[in-house]
Amino acid sequence: MGAGLWRRGRGAGMAELSGGSEAVPVALWPPGEAPPAFQYSPESVPGADGELDPTEVTFPGCSCRSRSCAAPECPCLSRGHSYSSLGLLLAEQQQQQQQPFSRPVFECNSLCCCGEGCQNRLVQRGLRLRLQVFRTQRKGWGVRALQPVPEGSFVCEYAGEVLGFAEAQRRIRARSPQEPNYIIAVREHLHDGRVMETFVDPTRIGNVGRFLNHSCEPNLFMVPVRVDSMVPKLALFAAADIAAGEELTYDYSGRFRNFPGASREHKPLEEENSLRKPCYCGSRTCASFLPWDSSLFSTPASSL
């Protein structure tokens with residue numbers, strides 16, 4: 001799918017944020033107001049540093065000829081199913097998100113012989129829920145659901161420019177304290193001790209996910225989902241049943257339902273607190289500050 005440049009609309013009424021690039025419209029509220037201009041893209045794109053290309057196809061495809069792939073015959077499902085026949089993240093996969101380690105998610109890809117209706121194709125289909133970007137009272141812009149969202153539903157991707165560490169760090173350091181930080185760092189700890197890092201920046205190019213606010217008790221959680229290559233899609237799923245009109249949030253630190261063991265965010269030094277931004281989520285377990293990742297502020301040698 002293509003990308004569109006978001007600009008403030010001329011007419012009052014229901015503005016649309018994606019420029020028609022999503023399968024369903026992304027509504028904007030209130031009329032006459034709009035976020036700063038950015039380029040809308042439903043999927044992640046290569047960053048300006050050219051280090052990683054999320055559109056590159058490096059995985060082989062399966063040879064399954066059935067309408068929907070099945071384990072253990074399908075090599076894409078060698079780790080087991082992740083989704084139910086209703087298109088929901090399986091409860092087993094959700095429970096693993098409460099632990100420090102969870103089973104990776106691989107979908108069938110563009111080289112697979114199975115059809116578009118395969119049960120193992122979900123996140124790659126893109127946005128399917130009606131969402132609205134709206135002006136909040138204290139947190140700037142946010143996102144809410146315009147329809148009920150069952151637990152386990154795929155909500156949206158956190159899409160943007162996929163960067164290498166050096167470029168992500170450069171952008172963070174160049175940002176003024178008054179500017180919002182959209183860069184997310186996802187670290188996956190492998191069984192052999194290696195750490196895979198993914199940096200996504202939707203500041204200039206991004207999708208509806210860039211407007212999701214943090215909460216210390218979120219109703220979404222993030223799962224790295226791989227389709228065509230080892231560069232993951234950062235997919236957000238419903239952690240509980242969500243009512244129409246409810247704001248959608250996730251924990252920027254990577255915790256799931258505020259389980260401390262699910263995060264590797266270190267306790268910031270006292271002098272770093274001056275750089276941290278206050279949290280306005282209003283939850284009972286609010287940490288008072290937004291999550292902090294000092295690795296993007298430190299030198300590469302000290303962050304290893």
Side-chain angles (χ1 to χ4, degrees), residues 1-48 54-55 122-149 153-163 171 175 179-184 199-215 218-223 225 233-238 242-250 252 280-281 290:
M1 289 184 286
L5 182 63
W6 160 252
R7 293 188 179 93
R8 184 187 299 272
R10 291 183 179 179
M14 273 301 240
E16 206 281 318
L17 192 69
S18 76
S21 61
E22 296 280 16
V24 293
V26 180
L28 186 63
W29 188 264
E33 291 191 40
F38 72 101
Q39 185 176 336
Y40 194 101
S41 176
E43 300 174 312
S44 286
V45 300
T55 66
L122 178 64
V123 172
Q124 63 190 268
R125 295 175 186 162
L127 185 66
R128 289 294 185 269
L129 299 174
R130 291 184 294 113
L131 307 180
Q132 182 185 75
V133 174
F134 72 105
R135 171 73 78 175
T136 69
Q137 288 187 339
R138 303 187 68 188
K139 299 178 292 185
W141 294 91
V143 183
R144 59 188 167 202
L146 294 181
Q147 65 183 83
V149 180
S153 298
F154 167 62
V155 175
C156 69
E157 182 180 346
Y158 193 85
E161 293 181 85
V162 179
L163 309 174
R171 293 189 183 189
R175 181 181 57 87
E179 292 179 303
N181 173 39
Y182 292 102
I183 298 178
I184 189 169
F199 302 97
V200 175
D201 181 10
T203 305
R204 306 165 186 167
I205 304 173
N207 71 338
V208 64
R210 75 195 291 277
F211 296 103
L212 290 167
N213 281 312
H214 165 83
S215 175
N219 53 17
L220 303 179
F221 61 94
M222 182 175 285
V223 178
V225 175
K233 293 178 177 289
L234 305 184
L236 289 145
F237 290 85
I242 300 171
E246 186 176 344
E247 183 177 3
L248 303 173
T249 60
Y250 73 103
Y252 290 178
Y280 298 118
C281 74
L290 293 181

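The analysis underlying the following values was restricted to heavy atoms, covering all of them including side chains, and did not include hydrogens, waters or symmetry mates.
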Search all heavy atoms of [X] against all heavy atoms of [Y] and return the closest pair with its distance.
X: Pro202; Y: Tyr182; result: CD-O, 3.2 Å
X: Ala235; Y: Phe154; result: CB-CE1, 3.8 Å
X: Cys281; Y: Ser215; result: CB-CA, 3.7 Å
X: Gly47; Y: Leu163; result: CA-CD2, 3.7 Å
X: Pro42; Y: Ala159; result: O-CB, 3.8 Å
X: Val123; Y: Phe237; result: CG2-CZ, 3.9 Å

I want to check something: taking the side chain as every heavy atom from C-beta on, are [X] and [Y] in contact at a cut-off of under 4.5 Å?
X: Arg144; Y: Trp29; value: yes
X: Leu131; Y: Val155; value: yes
X: Phe211; Y: Leu248; value: no
X: Tyr280; Y: Thr136; value: no
X: Ser21; Y: Asn207; value: no
X: Met222; Y: Ile184; value: yes
X: His214; Y: Lys139; value: no
X: Leu129; Y: Val24; value: no

Going from [atom1] on [X] to [atom2] on [Y], what distance comes out if it is rounded to the nearest 0.5 angstrom?
X: Tyr252; Y: Leu290; atom1: OH; atom2: CG; answer: 7.0 Å
X: Asn213; Y: Thr249; atom1: CG; atom2: OG1; answer: 8.0 Å
X: Gln124; Y: Glu157; atom1: CD; atom2: CD; answer: 11.0 Å
X: Asn181; Y: Arg175; atom1: CG; atom2: CZ; answer: 4.5 Å
X: Leu17; Y: Phe38; atom1: CG; atom2: CZ; answer: 4.5 Å

- Message: Go through it in stages, so that I can follow the logic: the residues are Arg135 and Trp141, the test is side-chain contact (heavy atoms from CB on, under 4.5 Å), and I'd like the CA-CA distance, side-chain angles, deciding distance and then a yes or no.
- Response: CA-CA 5 Å; Arg135 171 73 78 175; Trp141 294 91; 3.6 Å; yes
Polar side-chain atom of [X] near backbone of [Y] as donor-acceptor pair, under 3.5 Å:
X: Glu246; Y: Ala243; value: yes
X: Asn219; Y: Glu247; value: yes
X: Glu161; Y: Ala48; value: yes

- Under 3.5 Å, is there a donor-acceptor pair linking the side chains of Glu16 and Ser18?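 Yes - a donor-acceptor pair under 3.5 Å links their side chains.
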- Task: Answer yes if the side chains of Glu22 and Tyr40 hold a donor-acceptor pair under 3.5 Å, and no otherwise.
- Result: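 Distance-only check passes for Glu22 and Tyr40.
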- Is the number of heavy atoms from other residues, nucleotides or ligands within 6.0 Å of CD (Glu179) greater than 12? yes
- Task: Show the numbers, then the answer: is there a side-chain contact (heavy atoms from CB on, under 4.5 Å) between Cys156 and Leu212?
- Result: CA-CA 10 Å; Cys156 69; Leu212 290 167; 4.0 Å; yes
